[in-house]
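One structure below.
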Amino acid sequence: MQCLQHIEEKLGWGPSNTWHNDVFIELSERIQRTTHVLLSPTTLKRVWGKVSYQSAPSITTLNTLAQFAGFVNWRDFKNRSPAKKTSWLARKVNPNLGTIMLAASLMTVVFISLYSLKGSKDRAGAVDVSKIGFTSRPIAQGLPNSVVFDLDLGQISSDSIHIQQYWDPTKTIKLKAGQEQATGQYYFPGYFRAKLLVDGTILKEHDLFIKTKGWLGTLDYGPIPKYVQAEDLVQGKLSFPPSILEEIVSSDQPLNTTFHRVSDFSKVSGDNFVLYTSIKNVYRDKWAVCQKAAIVVLGTESAIIVPLSIPGCVSEIGVMLSDVYLSGKEHDLSGLGVDLSVTRDFRIEVAHKRLRVFLEDEQLFEGTYSASMGTITGLRYRFLGAGEVSHIKLTDRTGKIVLIDDGLTPP
């Protein structure tokens with residue numbers, strides 16, 4: 001589809017056949033920020049052919065993709081895309097296309113099989129991965145942060161050696177044969193997976209933990225956010241100072257703000273925990289009228305995202321449960337439609353990969369997932385516009401308190 005080619009060129013994230021789950025999650029968020037319509041990562045995977053699906057994309061999906069690509073809607077894209085005339089050769093080939101493709105596929109499979117057998121023999125023993133060194137260490141605590149990668153490339157002499165810093169395949173550091181150190185830049189906290197690639201093949205990878213010192217606030221400008229440190233945030237609650245609120249109000253473009261706390265949480269399972277928290281939306285004009293907010297629990301393997309909005313905007317939100325994504329376009333998420341103009345008390349329970357969300361003891365949502373979250377590595381509170389958090393208590397399933405912030409005091 002030409003529209004997808006437009007999007008790939010716009011993003012510059014490399015060939016789509018190298019994209020994996022985190023790429024589609026990021027693409028989903030970017031599309032939502034640009035078009036104010038949520039297309040789930042699963043929907044995007046279907047459109048890009050990563051997931052088998054028999055039905056054609058809905059007109060809503062097509063319109064949204066066209067808008068993200070820079071067109072008014074799908075009709076505008078079709079009208080502005082040059083129509084291709086069927087050539088004499090195509091008219092001859094098309095009736096027999098199925099037979100031709102089957103034959104070509106069989107020949108390709110045979111060729112790849114033979115090449116792979118030969119290649120595996122040629123490469124066997126060429127690189128002893130156990131002798132390759134690849135570690136990392138953050139230079140500072142907090143954000144932004146540079147990370148030093150220490151390397152022992154052994155006898156590798158390739159001219160294509162790269163470090164991929166995290167999910168985005170374009171965020172790489174090119175290395176020279178024999179290079180012993182390299183540095184990378186990180187602007188957001190999180191739990192990342194760094195990879196050492198030689199000729200496009202991952203030889204080694206490890207987890208990289210960029211922590212915060214207590215709470216950190218960000219105005220999520222791209223690609224570099226504006227930071228608000230804990231001492232400027234904490235005023236008996238997580239809240240931005242008046243100068244930051246004025247900056248948010250003056251913005252003509254949709255602006256997300258986030259409170260981050262990324263740290264070790266005593267090895268608490270992301271599949272079994274309870275989070276008690278109280279939040280409020282403090283800006284709901286212009287583009288933030290829907291009062292969108294999200295409570296995010298980060299894990300070593302995945303994340304849980306509980307979105308909230310006013311009842312009239314639940315069609316535009318989506319729940320992420322580790323490997324499961326539920327779009328408000330395709331599922332009834334009306335329970336998560338909540339007025340946040342006043343402080344509301346929520347309880348998020350996860351027991352054996354089953355999530356339940358409560359508002360003042362009334363259940364709003366329930367869902368399950370399959371792939372483990374791993375252990376908890378952080379919390380995020382994201383608002384379209386601005387919000388405040390006045391209470392946080394995180395416990396494991398036995399009731400042991402892991403984090404409690406009633407006054408949200410500095411660390």
Side-chain angles (χ1 to χ4, degrees), residues 1-51 57-58 60-74 76-77 164-172 185-190 192 218-226 248 251-258 260 286-288 290 292-294 296 298 302-307 309 313 315-320 325-330 380-385:
M1 185 193 295
Q2 289 182 339
C3 186
L4 302 187
Q5 294 176 359
H6 278 282
I7 293 174
E8 291 178 25
E9 291 170 3
K10 174 181 178 178
L11 295 171
W13 289 353
S16 59
N17 59 5
T18 66
W19 296 359
H20 51 79
N21 189 59
D22 286 349
V23 180
F24 287 99
I25 292 173
E26 172 67 12
L27 177 56
S28 174
E29 292 182 353
R30 289 204 181 193
I31 290 174
Q32 185 180 18
R33 286 198 297 266
T34 301
T35 68
H36 308 302
V37 176
L38 178 64
L39 297 182
S40 72
T42 301
T43 295
L44 295 174
K45 287 179 187 178
R46 290 169 180 167
V47 172
W48 259 271
K50 297 286 186 177
V51 176
S58 69
T60 298
T61 297
L62 296 175
N63 283 336
T64 304
L65 291 172
Q67 290 171 19
F68 185 70
F71 300 87
V72 176
N73 50 32
W74 182 248
D76 179 47
F77 166 74
Q164 182 175 318
Q165 293 179 249
Y166 43 95
W167 61 263
D168 187 342
T170 68
K171 295 296 187 291
T172 60
Q185 188 70 41
Y186 291 79
Y187 288 107
F188 285 96
F192 308 103
T218 58
L219 278 71
D220 299 338
Y221 295 111
I224 302 174
K226 181 174 184 176
I248 294 168
S251 176
D252 291 328
Q253 299 296 321
L255 180 60
N256 283 302
T257 58
T258 308
H260 311 257
K286 295 192 296 189
W287 35 260
C290 285
K292 289 183 183 176
V296 183
L298 303 172
S302 188
I304 287 175
I305 302 176
V306 177
S309 75
C313 293
S315 175
E316 297 182 1
I317 63 176
V319 179
M320 179 176 172
Y325 191 91
L326 304 176
S327 167
K329 298 290 184 186
E330 303 169 358
R380 284 192 180 124
Y381 292 84
R382 182 182 300 131
F383 298 87
L384 179 57

Value for OG1 (T60) from CG (N73), rounded to nearest 0.5 Å, stands at 11.5 Å

So, do L255 and W287 sit near enough that their side-chain heavy atoms are less than 4.5 Å apart? yes

Output for pair (T42 OG1, Y325 OH), nearest 0.5 Å, gives 9.0 Å

* Pairwise side-chain contact, N256 with T218, heavy-atom cut-off 4.5 Å (strictly under) -> no

Looking only at heavy atoms, the pair that brings A288 and L384 closest together is CB-O, 3.3 Å

Review point. What class does the angle between the rings of F192 and Y186 fall in, given that below 30° is parallel, 30 to 60° is tilted and above 60° is perpendicular?
Key: tilted

_For a side-chain contact (heavy atoms from CB on, under 4.5 Å) check, start with the C-alpha distance between L65 and L44, then their side-chain angles and the critical distance, and finish with the verdict._
CA-CA 9 Å; L65 291 172; L44 295 174; 4.1 Å; yes

In short, S251 meets K286 closest at the heavy-atom pair O-NZ, 2.9 Å

OG1 (T64) and CD1 (I31) are apart, to the nearest 0.5 Å, by 8.0 Å

Separation between CD1 (I317) and CG (L326), nearest 0.5 Å, reads 10.5 Å

Heavy-atom nearest pair, K50 first then S16, reads NZ-O, 3.0 Å

Between S302 and M320, the two heavy atoms sitting closest are OG-CE, 3.8 Å

- Task: Taking the side chain as every heavy atom from C-beta outward, state whether I7 and W48 have any pair of such atoms under 4.5 Å apart.
- Result: yes

Answer whether the closest heavy-atom distance between the side chains of L27 and W19 falls below 4.5 Å.
-> yes

Donor-acceptor pair, side chain of S28 and main chain of F24, under 3.5 angstrom
no

Between the CG atom in L11 and the NE2 atom in H6, the distance rounded to the nearest 0.5 Å is 13.0 Å

Notebook entry, point to check: Would you say V47 and L39 make side-chain contact, with heavy atoms under 4.5 Å?
Noted result: no

| request: Please examine the side chains of C3 and F71, heavy atoms only from C-beta on, and report whether any two atoms are closer than 4.5 Å. | output: no

Rounded to the nearest 0.5 Å, the CD atom of E29 sits from the CG atom of D220 at a distance of 10.0 Å

Quiz prompt | K226 atom NZ: more than 12 heavy-atom contacts under 6.0 Å | solution = no

Short side-chain to backbone donor-acceptor contact, N63 and W74, under 3.5 Å
yes

message = If you define the side chain from C-beta out and look only at heavy atoms, does anything of T43 sit under 4.5 Å from K329?
response = no

Exercise. Give a yes or no answer on whether the side chain of E316 reaches the backbone of Q32 with a donor-acceptor pair at less than 3.5 Å.
Key: no

Closest non-hydrogen contact found for T257 with G385 is OG1-O, 2.8 Å

> Looking at side-chain heavy atoms only, is the closest gap between V319 and P307 below 4.5 Å?
Replying inline: yes

Nearest heavy-atom contact between F188 and P223 is CE1-O, 4.4 Å

